[in-house]
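In what follows, chains are A, B, ... by sequence order, proteins preceding strands, each numbered from 1.
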Number of protein chains: 2
Amino acid sequence: MTSQRADARRNYARILAVAEQEVAAHGADASLERIARVAGVGSATVRRHFPGRRALLEAVFGERIAALVARAAELTDATDARAALLEWLGALTTYAASARGVADALVQDGLTGPEEVEDCSAKLATAVEPLVRRAAATGGLAADVTAADLLTLVTGIALATEHHPAEARRLLGLVVAGVSPAH
Amino acid sequence: MTSQRADARRNYARILAVAEQEVAAHGADASLERIARVAGVGSATVRRHFPGRRALLEAVFGERIAALVARAAELTDATDARAALLEWLGALTTYAASARGVADALVQDGLTGPEEVEDCSAKLATAVEPLVRRAAATGGLAADVTAADLLTLVTGIALATEHHPAEARRLLGLVVAGVSPAH
DNA sequence: TATGATACGGAGGACCCCGCCACTTAGCAA
DNA sequence: TTGCTAAGTGGCGGGGTCCTCCGTATCATA
């Protein structure tokens, strides 16, 4: 861990910084080769620090994901459980719609299987779980809705509105209220 | 049109047949090169008949899209407007979740702009439009929901459940009923 | 059958991801 | 301070894709 060499740490930081820009500019399938060039390192170095595109994306989004997890923890104590959940979902939607590639990363997360506990969607799911439980307990959430369902829906909205990010929040509103609630 | 040479027509059919298999197997980013190889034609020929991946995907999905458009026309006369709309959305969801790549194709459709009337999502939007209007008129649909919204939501569900297609129908149900309808 | 239009397909360029390998260098020990 | 060693590095080559150009084969017509 800390035994990592100083230059390695330096390169790690440089690559990550460039990767953030590139992913923001070109989405989840930004060119790793290009990231290496811009960062002034060899392509092998990028691959060493981040084995595979997934690893790089997770690192890029890690901070924001952590922020969302923290936000969820704060909201756990809110008086209105339903409002807390909705606010968190809104924050997630805004982020997923604005940060190109994050939604792709989330939908790909399911592939690795349950042993991979470190992936982004697992972190998020664990984080909302308490909010979901509280909202469900107070009747603020349909009974058969799981945390995973909500993440999937938000991810889907973000993916489908890739070219119209402004619509994302509105669509979330529709999903929450119901497109055609039973009368 | 009919002045197309016989060999060109033959190749078109061969390519389309192979493309259907390849897209079903590898999703929207199937290799055009590979399609050409399997079809026994040069890569330039594929490109000639289908300029760009979008064109190829549209051709591949064209028949099913047409079937959905026809289904919408049938359902326009149904007595229960809301049920008709929901049935059509269910059919669309099932198809989008089962046919790999179709959702990607739909979300990419928005890029070309309004002048391109031939694209899949425009066809579908035009087809559901009457169903949406009737459902809204009879109170079976939230007032501020457009046909495009519904397509976007279904597309999103399909994209987000790429690795768990079985969930798609259930999520559609949640969206219809509302995850957390106002009390 | 001869001929012009049409469609074909391979070569080649640009880009990408990935694995391998010889070289450099940071950080520790004497 | 001076070596030593392993971690870290970058470049090269292989395999793949997309795309364009252009000489050539093939079809339709007179």
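- In this structure a side-chain-to-backbone donor-acceptor pair under 3.5 Å is missing from A/Arg64 to A/Tyr95.
- Rounded to an integer number of Å, the gap from B/Arg47 CZ to D/dC18 P is 7 Å.
- Across the protein-nucleic acid pair, A/Arg9 atom CZ and D/dT9 atom C1' stand 16 Å apart, rounded to whole Å.
- With 3.5 Å as the limit, one finds no donor-acceptor pair spanning the side chains of B/Asp149 and B/Thr152.
- One atom, CG of B/Asp7, and another, P of D/dC27, lie 6 Å apart when rounded to the nearest Å.
- Between A/Asn11 and the phosphate of D/dG8, there is no side-chain N or O to OP1/OP2 separation shorter than 4.0 Å.
- An OP1 or OP2 oxygen of D/dG8 is reached within less than 4.0 angstrom by no side-chain nitrogen or oxygen of A/His49.
- Comparing A/Arg48 and A/Glu33 by the nucleotide of DNA chain C that holds the closest heavy atom to each, the one mapping nearer the 5' end is A/Glu33.
- Rounded to an integer number of Å, the gap from B/Arg5 CZ to C/dC8 P is 7 Å.
- A/Arg53 has its CZ atom 11 Å from the P atom of C/dC16, to the nearest Å.
- Rounded to an integer number of Å, the gap from CG of B/Leu32 to P of D/dT20 is 12 Å.
- Using a 4.0 Å cut-off between a side-chain N of Lys or Arg and a carboxylate O of Asp or Glu, A/Asp80 and A/Arg82 do not qualify as a salt bridge.
- In this structure, the CD atom of B/Gln4 is 19 Å from the P atom of C/dA5, given to the nearest Å.
- Rounded to whole Å, the distance from CG on A/Asp29 to P on C/dC16 is 11 Å.
- Of the possible donor and acceptor atoms, none in the side chain of A/Arg100 sits under 3.5 Å from a partner among the backbone N and O of A/Val23.
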